[in-house]
Amino acid sequence: MNSVNGNWHFVACAAFTSMLAILTSFSTLLFGVFLIWISYLFYIKRIATLPLVLSFLFLLFFYFYLPHLSSNNQLDPLKHPITVSGPIVSPVEKTTSRLSFVIQDEQINEKIAVAYFPDQEGKYDESIRYGSTCSFTTEISAPDTATNPGQFDYRRYLLTKEIKYEAVLSDLQLLKCVKNRGILQSLDQIRHSVLDYTDKRLSKETSSWVRALVFGDDSSVNKETVELFQRWGMSHLLAISGLHVGIITGLLYFVLIKLNLLTKEWTEWAILIFLPIYAVLAGGEPSVWRASLMACILIILHKTGWKWNVTDVLSLVFLFLLATDKFIMYQVGFQLSFAVTFALLLSKRILFQTKNRLFQVLYISFIAQIAILPIQFYYFSLFQPASIVVNLIMVPYYSAFFIPAMFLLLLFTPLPWVSLLDNWFMNIHHVAMQVVHWFDEHMHFPLVSGPLPWFVVLLYYVLFILFMQWWEKEKLRHAFYCGCLIVLLLIGNGLRPYFSPVGTVTMLDIGQGDAFVIELPYRKGVILIDAGATFSFTDYAPSRRMYEQVIKPYLFSRGIQQLDAVILTHEDMDHIGSVPYLLQEFAVNTIIVSPFFDTAKLEFNRVPEDVNLITAKGNSEMNVGGHLFQILAPIQDNHDSNQNSMVLYTNLGGKNWLFTGDITKEEEKDVIRKYPNLSIDVLKVAHHGSDTSTDEALLQELSPKIALIPVGRDNRYGHPADDVVQRLEDKEMTILRTDQHGAVQYHFQDKAGIFTIIK
């Protein structure tokens with residue numbers, strides 16, 4: 001116990017505690033728990049003085065060494081054109097629709113993410129490579145940050161890669177590059193040459209899989225396939241990891257030894273040299289570096305005869321990667337890779353309790369899934385219980401057949417009959433993928449939740465550790481009870497909204513469009529008023545972008561899988577464009593429209609049969625989850641989509657709300673004439689603040705206190721109009737706009753509530 005050997009995991013836990021303290025902002029609590037734990041171990045003589053001191057030192061060192069990021073940091077906009085000049089410091093991604101790379105500018109000494117979107121498919125200059133020195137003149141700006149709850153924060157993502165600015169090239173002729181020479185540049189050139197050759201020799205589908213499974217480039221894999229793997233917890237099969245490194249090491253060992261090309265001694269040296277090179281060729285992701293470094297260290301230990309356990313090796317690799325690249329702590333791959341590997345190492349006694357390979361694979365899949373479940377909820381908001389079974393089937397298939405097949409195809413690419421192998425492998429793979437598609441169609445019952453509260457995460461891992469300890473000691477009854485408590489904990493967390501007296505109204509920031517989510521107290525009802533989308537001005541086809549980036553993440557982050565009602569004010573794409581996508585992934589009980597709604601524009605032939613389609617005319621009422629909505633208009637057909645907008649009146653949190661769609665001043669006058677006693681606290685300003693609406697008479701008659709304006713930043717229409725804003729300000733109203741404030745939320749309980757903004 002006087003040596004640090006065998007105790008490096010304590011030091012790694014200290015570094016992990018510092019990392020977790022920065023990621024969660026619970027530094028005092030985490031430091032307190034760790035210090036109590038490590039001190040107790042020292043008291044019972046479970047840990048010696050040297051590893052104890054090292055743990056304290058590493059705890060402090062990494063807390064002050066690791067970066068504390070905030071996407072809310074104000075960055076100098078640098079909107080004026082500047083000349084950017086410096087080396088490309090990232091792999092260059094080249095597809096038919098996008099060219100992207102990161103350049104280290106020598107003038108401002110900052111990394112800049114550069115992108116170019118070609119109008120048509122074309123070839124890129126070969127000088128645009130990793131390590132090349134490039135220059136161009138353009139505007140650079142701070143990346144967009146998240147303006148909605150649950151939305152992916154692109155600015156924070158780039159900050160985790162030490163990138164503060166981005167630039168979009170309008171013309172590739174502006175980019176001038178000169179190739180540089182070096183080891184890394186040569187390896188990158190080899191990588192691209194092999195990829196280009198593979199594209200020529202193999203079918204498009206097979207080449208995309210070789211790119212993904214051998215070189216870590218999944219940009220060519222079908223987007224639906226990537227999403228399928230994400231839904232079913234199989235993304236690790238697409239990322240180069242220990243599985244892939246183990247396979248390529250085994251293949252090298254087999255080829256060099258069995259074919260008598262090298263002795264066992266020289267084969268080990270060859271693998272030692274090859275693995276770091278392969279880590280670079282495979283994209284240099286954290287998971288491949290972890291696996292490659294671990295394999296190299298284990299080979300060195302074997303050759304030198306040093307006795308280090310695998311846990312020490314993993315701990316040292318963890319500390320080394322964290323110390324050499326402090327921003328790596330923010331990478332999801334780094335977090336998931338080490339979490340799974342640590343969990344499996346600590347569970348090795350459980351895995352060896354059975355000699356049955358099938359059960360071992362099942363144990364590995366089960367342990368890996370439950371070890372990272374809180375992380376999965378944090379990043380993806382969902383977990384598929386049946387993914388354990390899917391992984392049980394697909395992991396052996398990928399590890400024993402498909403991944404080795406892709407390596408073999410790469411080796412056989414120069415042979416004239418490689419196309420026969422290509423066709424044979426893909427036919428088998430199509431059958432295997434049909435299994436996953438069957439599960440996706442018939443067993444898609446995900447648990448949806450936002451990030452788990454810290455106390456739930458803490459209690460989860462306490463129960464998880466107890467569960468594993470009882471399982472390891474073969475006290476299966478105790479383990480079963482712990483497992484039941486874990487399930488009850490997750491169910492209880494999912495039921496929290498149903499016991500909460502707090503309701504929420506959210507005006508989502510979807511740009512130039514409307515999307516309001518009403519969550520009633522005790523989850524009695526979830527109502528969506530409009531679900532707009534961006535669209536093409538050539539064919540007016542709606543884009544999935546706002547649905548995928550804003551609406552879906554928000555609903556998932558709130559644990560919402562079912563909508564009691566979707567109320568569509570009118571049929572313009574900036575109000576209904578996301579509905580077809582919504583119906584594909586969420587259970588919708590009822591869709592409510594006016595009698596004058598043109599359903600053809602919504603493609604209602606895609607609506608499931610179990611969705612009720614209700615038409616509600618003006619001067620009527622409807623009840624959703626025990627909550628009353630009054631429909632004020634339209635009473636008659638005004639022969640225009642905007643003028644036929646449904647106008648809704650309701651009381652939420654002690655305030656009277658008026659949702660107006662895109663009505664014009666004429667409809668506003670009709671409303672105040674037909675409902676003379678109407679009193680409003682919160683007004684959803686019609687038509688994004690267009691001067692065609694929000695008449696002085698409406699404001700004078702209703703006297704609202706709060707104005708909500710869903711509007712896009714720098715929109716082409718100039719919304720909201722200056723005259724409208726002036727009228728609202730003259731009435732001393734509080735104006736909340738999505739272009740300035742991001743999403744706006746109203747949290748209420750009983751007859752009181754408070755507005756909050758996200759941006």
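Computed from a predicted model, the values in this text were never measured in an experiment. Numbers here are sequence positions counted from 1.
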Undergrad: T304: which residues meet the side-chain contact (heavy atoms from CB on, under 4.5 Å) condition with it, sequence neighbours left out?
TA: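 Testing T304 for side-chain contact (heavy atoms from CB on, under 4.5 Å), a comparison that skips the adjacent residues, returns I300, W306.
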Undergrad: Would you please name every residue forming a ring-ring contact (aromatic ring centres under 6.0 Å, His included) with Y378, sequence neighbours left out?
TA: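 Y378 satisfies ring-ring contact (aromatic ring centres under 6.0 Å, His included) with no residue once adjacent residues are dropped.
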Undergrad: If a pair satisfies salt bridge (charged side-chain N to carboxylate O under 4.0 Å, His left out) and one of its residues is in residues 227-244, list it, with sequence neighbours excluded.
TA: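 Output for this query lists R231-D440.
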Undergrad: Does any pair with a residue in residues 324-347 pass ring pair (Phe, Tyr, Trp, His ring centres under 6.0 Å), and if so which ones, sequence neighbours excluded?
TA: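 Qualifying pairs: F318-F334, F318-F338, F334-F338.
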Undergrad: Is there a donor-acceptor contact under 3.5 Å from the side chain of Q376 to the main chain of I372?
TA: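 Answer holds: no.
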Undergrad: How many angstroms lie between atom CG of L20 and atom CG of L66, to the nearest 0.5 angstrom?
TA: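 Those atoms lie 11.5 Å apart.
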Undergrad: Go through the structure and list residues passing ring-ring contact (aromatic ring centres under 6.0 Å, His included) with H430, not counting sequence neighbours.
TA: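 So H430 forms no ring-ring contact (aromatic ring centres under 6.0 Å, His included) with any residue.
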Undergrad: Run the side-chain contact (heavy atoms from CB on, under 4.5 Å) test against S449 and tell me which residues pass, sequence neighbours left out.
TA: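 Per chain and number, S449 pairs via side-chain contact (heavy atoms from CB on, under 4.5 Å) with F377, L452, N493.
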Undergrad: Quick one: salt bridge (charged side-chain N to carboxylate O under 4.0 Å, His left out) pairs with a partner in residues 446-461, sequence neighbours left out?
TA: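 Every candidate salt bridge (charged side-chain N to carboxylate O under 4.0 Å, His left out) pair involving residues 446-461 fails, so no pair, neighbours aside, qualifies.
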Undergrad: Kindly write out the residues that satisfy side-chain contact (heavy atoms from CB on, under 4.5 Å) with A368, not counting sequence neighbours, or none if the list is empty.
TA: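 Partners of A368 under the side-chain contact (heavy atoms from CB on, under 4.5 Å) test: V340.
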Undergrad: According to the salt bridge (charged side-chain N to carboxylate O under 4.0 Å, His left out) rule, which pairs have a member within residues 358-370, sequence neighbours left out?
TA: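 Qualifying pairs: none.
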Undergrad: Test of understanding: with salt bridge (charged side-chain N to carboxylate O under 4.0 Å, His left out), list the residues that count as partners of R544, not counting sequence neighbours.
TA: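 Listed in chain order: E548, E585.
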Undergrad: Listed by chain and number, what are the side-chain contact (heavy atoms from CB on, under 4.5 Å) partners of A587, not counting sequence neighbours?
TA: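 In terms of side-chain contact (heavy atoms from CB on, under 4.5 Å), with neighbours along the sequence ignored, A587 is linked to Q562.
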Undergrad: Output side-chain donor-acceptor pairs under 3.5 Å for residues 32-43, partner residues at least two apart or in another chain, one line each.
TA:
{"residue": "S39", "atom": "OG", "partner": "L35", "partner atom": "O", "Å": "2.6"}

Undergrad: Quick check on the 6.0 Å ring-centre criterion: do F401 and F425 meet it?
TA: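 Centroid separation for F401 and F425: below 6.0 Å.
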